[in-house]
There are 2 protein chains.
Amino acid sequence: MTRTGSPRLLREINDRAAIETLLRSGAMTRAELEEVIGLSKPATAQLLARLEEDGMVVRTGLRGGGRGPRAQMWAVNGGVGHVAAVALTPELIDVAIADITGSLLAEHSAPMPKDNTLRAFRETVQKAAVLAGLRLDALSHVVVGTPGAVDPATGHLGFAPHLPGLVDVDLPSTLRELLGTSVSIENDINLAALEEMSSGKAVGVRNFVLFWPADEIGSAVVVNGVLLRGVTGGAGEIDSMQIPGGRYGDQVDNEAIMALAATHGIAASSGVEAVAHALSTGERAFLSDLARRIALGLANVVCVLDPELVLLSGSVAQAGGETLCDLVAAELLELVVPRTPVQLAQITANPVRSGALHSALAVAREQVFGLPQRS
Amino acid sequence: MTRTGSPRLLREINDRAAIETLLRSGAMTRAELEEVIGLSKPATAQLLARLEEDGMVVRTGLRGGGRGPRAQMWAVNGGVGHVAAVALTPELIDVAIADITGSLLAEHSAPMPKDNTLRAFRETVQKAAVLAGLRLDALSHVVVGTPGAVDPATGHLGFAPHLPGLVDVDLPSTLRELLGTSVSIENDINLAALEEMSSGKAVGVRNFVLFWPADEIGSAVVVNGVLLRGVTGGAGEIDSMQIPGGRYGDQVDNEAIMALAATHGIAASSGVEAVAHALSTGERAFLSDLARRIALGLANVVCVLDPELVLLSGSVAQAGGETLCDLVAAELLELVVPRTPVQLAQITANPVRSGALHSALAVAREQVFGLPQRS
DNA sequence: CCCTCGGACAGGACAGTTTCCATTCGATGA
DNA sequence: TCATCGAATGGAAACTGTCCTGTCCGAGGG
């Protein structure tokens, strides 16, 4: 039940601390590592020697400049593990390969075919691996970011995935066999939230909600620094939330936004276009109405979670910019007691794939080093 | 940043494991303790001798019955710390005193006065302490359970507290000075959830929602085994949630339930009475309507959190019993994708004070033993 | 009377700390 | 320009702290 408590445990604790430090801060000298992990000189030296013996760390040159001899620099050996991150959309299969330190080794993408989806998936990942000089079985872990969510009980992809050939199967098992590696599947919005948390607006924020109005609406919930997935993988799937006027999804999805725009005399072929048009022409009434609708649903989320921050992301939010964001914040203030700040998400360049990469790194590091996940 | 990693750390780890085990399982012999914490016989003997020296553990008699010599029984010394749990309602100040092992030492309650609330509070707690043979400053920690929630930023009690004399002050600081001890204030529904989690229907459930329709409605949210409080202390305050028909609170509070009952020809002086009456006369239509209203709000909570379980508690839910519970579950199934089970809460005897006691014990144990965890 | 179990002691293994020494190389001053 | 100093690196030996294995003794029950 409880930990063993033998001296061996100390080794593990210190080894993990050292590798974690080297991963977080990059290459450093033995003296710097001492400082961070709090071990003495001989202990740190032995630790590094042992990890080098095991191939876990490598020497990466000498540091010059200061007084005294040039200090040996140490870094985690990237070769001990590799990961793949895949962003799946109805249009594209987008793959990135990195080593365990997080260095990007290769990128490759291919259009999503009409059929033979699985085969195309495998070939695209394999091509990316080859570009990185790897075989598929060299991948420690693969994270696939996709619309919809996987129910852990069944492995089926639920919540309107729009991905032909990937429904009604146990997707994690299927992909695991297809690639011959450990695979996990994560909701795309969740991954975007992960990315905001590690290098966007939500750095250091332990409780926030990322709201994503696009073709489909959805959200990601982070509680105590951990992504909330839900028992059936459906946490944050607020499309079916009931607000005054009916289902939330029916009021802020693409069609609803276009319809709302039409009532304000704005003709547009998509919600994004309508918002962009309204913004450029200074049509505030439409944006206010839209903001009120968005805020109605957000208010319910804020009631339940009382988060530190609400982030708006996705194409519609980005089109609306700070203007829409401020309008939503003002409407939200009228509806709920907490004065939750609303901000635009920061990451715009492929947040899903970046988040998948972070997620894959966390899993692979746990596999290879036994590290519990950290950001 | 990272832990020191010296051999001394092992001591701490093992000491904590031993005390945690003794707290969880009660008195035991050295051999039994060995088994649980995984130390050898001499190490465990030394550990106990050292803890006895420090006054942390005591010998509690000998175990007989088996072969061989009678083994010494060891237990945590309850005298190293004491806690108080207070349940505050508009009617009553209800205090319990326990030692750090959780043994109840004294109970005492007094009616809530119209004014001089703070003085009455202090005197009631002090009386309880005296009954337990203690002075106020012997209390390691006091947890006060109350309607409403404390905003950590201001210390003010928000969300309709109904407690005269306790609003518009920095309540934690005020009470801390009043008692001269460490005090924390916790929402009553949150404490009820804590109690369900430690000895009710939610044992082992890491993600659930406790819904509490009574005079006021509210809920508690547990995520990853941790109570979610929210930045302003307002997590779970779903009273102001917007559902079709308006504010959730206006549709399922006491008055709304009576009004709804009236439309079904049921005259009652309270919501509880209306529900009880409907149940005894087999008036299903009213209960169905009520269940639908309740489920509408719950559906939104389930959308956001996708919990493993929804518990219904509070007087109205208890009056409705399994019948109402099943009706709510059925309605919920129509509204959301996840098939979240809905159950009646189990703890009916003063769940708030019991939860406060657990909470206070957790804090005091961390103070006294440095234990990071909750049992 | 013997077997079993609790308690205690001794020797050894493992991990890390302290202390000391040799080496290197920029900085300082003659 | 060159010698010297001092700071920083790398390594080795001796010591401390913690726990484990093995052994022994004595007290009870069967």
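Between Glu12(A) and Arg8(A) there is no salt bridge, since none of the side-chain N atoms of the basic residue sits less than 4.0 Å from a carboxylate O of the acidic one. Using a cut-off of 4.0 Å between Lys/Arg side-chain N and Asp/Glu carboxylate O, Arg59(B) and Glu52(B) are scored as salt-bridged.
In this structure, Ala45(B) reaches neither bases nor backbone, as no heavy-atom distance under 4.0 Å exists between it and the strands shown. Gln46(A) comes within 4.0 angstrom of nothing in the nucleic acid, heavy atoms only. Residue contacts shown for Arg50(B) are absent, as no nucleic acid heavy atom lies under 4.0 Å away.
The phosphate of dG16(C) (OP1 or OP2) has a side-chain N or O of Asn14(A) nearer than 4.0 angstrom. Of the side-chain N and O atoms in Arg8(A), none sit less than 4.0 angstrom from OP1 or OP2 of dC20(D).
In terms of the side chain to side chain donor-acceptor pair (under 3.5 Å) criterion, Ser25(A) has no residue partners (sequence neighbours excluded). Qualifying salt bridge (Lys or Arg N to Asp or Glu O under 4.0 Å) partners for Arg176(A), counting only residues two or more places apart in sequence or in other chains: none.
Residue whose closest nucleotide on DNA chain D sits further toward the 5' end, between Thr29(A) and Pro7(A): Thr29(A).
Of the candidate nucleotides dC19(D), dG6(C), dT17(C), dT17(C) has the atom nearest to the side chain of Ala43(A). Side-chain proximity of Gln72(A) to dG6(C), dG10(D), dG16(C): nearest is dG10(D). The Arg11(B) side chain lies nearest to dT18(D) when the options are dT18(D), dG6(C), dG16(C).
Atom CG of Leu357(B) and atom CG of Leu361(B) lie 5.0 Å apart (nearest 0.5 Å).
Across the protein-nucleic acid pair, Met28(B) atom CE and dG6(C) atom C1' stand 17 Å apart, rounded to whole Å. For Ile13(B) and dA15(C), the CD1 to P distance is 14 Å, given to the nearest whole Å.
In plain terms, the two heavy atoms of Ile100(B) and Asn77(B) that are nearest each other are CG2-O, 4.0 Å.
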**Q.** Annotated protein contacts, base or backbone, on nucleotides 19-24 of chain C with a non-hydrogen cut-off under 4.0 Å, one of B, S, - each
**A.** ----BB
